Amino acid sequence: MKNWKKNKDNRYINLFEKLYDVYGPQKWWPADTPFEVVIGAILVQNTSWKNVERSIKRLKPYLSHPKKLAQLPEETLAQLIRSSGFYRVKAKRISAFLRWFQQYDYEFDRVKKDGEKLRNELLEINGIGNETADVILLYVFHVPVFIADRYARTIFQRFGIHVPPTYEEFRKQVEFHFPKDAILLNEFHALLVTHGKTYCKKKPICEKCPIQNICQRRFTS
DNA sequence: GTCCCGAGTA
DNA sequence: TACTCTGGAC
């Protein structure tokens, strides 16, 4: 962080440091194995993490053996992940990922590709969109990408930073102004999610917000 | 009834 | 742009 350029907007790194001071290291992604990261990322789509945790527990026996999960009938898989909601579509999405994963013998180490190429390959899998692809890139392959999710969008907008309308533009903007470091980007996303869940929710709790003193929103109602 | 770490379809 | 997929916490 020493040779940081001068034409960067330092509000991003400042926000990161403030959040880090408040919440501390987050130890993300909450999963025992890289494969579990992928399953969690699919299951949590538009769903609360609490509901995903039960599905993860029921899937545990399969999570260290992706091949066994691939052998399960999709209907059985769907029942196991019922608590995560959208369980039929999500079962299809997990199956689609497993079909892709099979060509690498279910081993992430065999996926040797640069970040951009891998992103495009992941995006071709049905059910892996921008956010899920970036979660996999960052938390499985340690590719330095910013996860431009809804929490980040909401927090930045309220904070006073202009946010481009599309996912990709938003991602690239943050990646320009923030260090391209997988460890810091890992922590940044985790901190934004924690902050988003706790205070900067759809209906924000600004009165109790620990960073209200540096946030623009306190002036705008 | 509202909200939750989205993505596909038309 | 709107609709669909879905359970569970609150």
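In the text below, chain A, chain B and the rest are named by the order of the sequence lines, each starting its count at 1. Both backbone and side-chain heavy atoms feed into the values below; hydrogens, waters and symmetry mates do not. Small disclaimer: the values here were computed from a predicted structure and weren't measured.
- A:F170 and A:F146 have perpendicular rings, their planes meeting at more than 60° on a 0 to 90° scale where under 30° would count as parallel.
- A ring-centre distance under 6.0 Å is not found for A:Y12 and A:F178.
- Between the P atom of B:dC4 and the CD atom of A:E53 lies a distance of 17 Å, rounded to the nearest Å.
- Of the possible donor and acceptor atoms, none in the side chain of A:E74 sits under 3.5 Å from a partner among the backbone N and O of A:L72.
- A:E169 and A:Q173 are not linked by any side-chain donor-acceptor pair at a separation below 3.5 angstrom, with hydrogens and angles left out of the test.
- The CD1 atom of A:I42 sits 8.0 Å away from atom CD1 of A:I125, with the distance rounded to the nearest 0.5 Å.
- With sequence neighbours left out, the side chain to side chain contact (heavy atoms under 4.5 Å, CB included) criterion links A:E53 to A:W49, A:K50.
- Here the CD1 atom belonging to A:I94 is positioned 4.5 Å from the CD1 atom belonging to A:I39, to the nearest 0.5 angstrom.
- A:D114 contributes a side-chain N or O that, together with a main-chain N or O of A:E116, makes up a donor-acceptor pair within less than 3.5 Å.
- Listed by residue number, A:R82, A:S83, A:G85, A:F86, A:Y87, A:R88, A:V89 are the residues of residues 77-97 of chain A with a heavy-atom contact under 4.0 Å to DNA chain C.
- When the P atom of B:dC4 is taken as reference, atom NZ of A:K197 falls 11 Å away, rounded to whole Å.
- Nucleotides C:dT1 and B:dC4 place their C1' atoms 22 Å apart, quoted to the nearest Å.
- Contact footprint of chain A on DNA chain C: nucleotides with an atom under 4.0 Å from a non-hydrogen protein atom, first to last in 5' to 3' order, C:dC5 to C:dA9.
- Listed by first then second residue, pairs satisfying ring pair (Phe, Tyr, Trp, His ring centres under 6.0 Å) with a partner in residues 53-80 of chain A number zero, not counting sequence neighbours.
- Distance check on atom P: B:dT9 versus C:dT6 gives 14 Å, rounded to whole Å.
- For the pair A:N46 CG and B:dT9 P, the interatomic distance rounds to 17 Å; values are reported in whole Å.
- The stretch residues 28-43 of chain A comes close to DNA chain B through A:W28, A:W29, each having a heavy atom under 4.0 Å from the strand.
- Here the side chain of A:E187 pairs a donor or acceptor atom with the backbone of A:Q26 at under 3.5 angstrom.
- Look at A:D134 and A:R119 and you find a salt bridge, because one of the NZ, NE, NH1 or NH2 atoms lies within 4.0 Å of a carboxylate O, short of that distance.
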Chi angles and distances behind the ring pair (Phe, Tyr, Trp, His ring centres under 6.0 Å) call for A:F188, A:Y20
CA-CA 8 Å; A:F188 200 15; A:Y20 191 85; over 10 Å; no

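- Listed by residue number, the members of residues 120-133 of chain A with any heavy atom below 4.0 angstrom from DNA chain B are A:I125, A:N126, A:G127, A:I128, A:G129, A:N130, A:E131, A:T132.
- Taken to the nearest 0.5 Å, the CG atom of A:L191 stands 9.0 Å off from the CG atom of A:N186.
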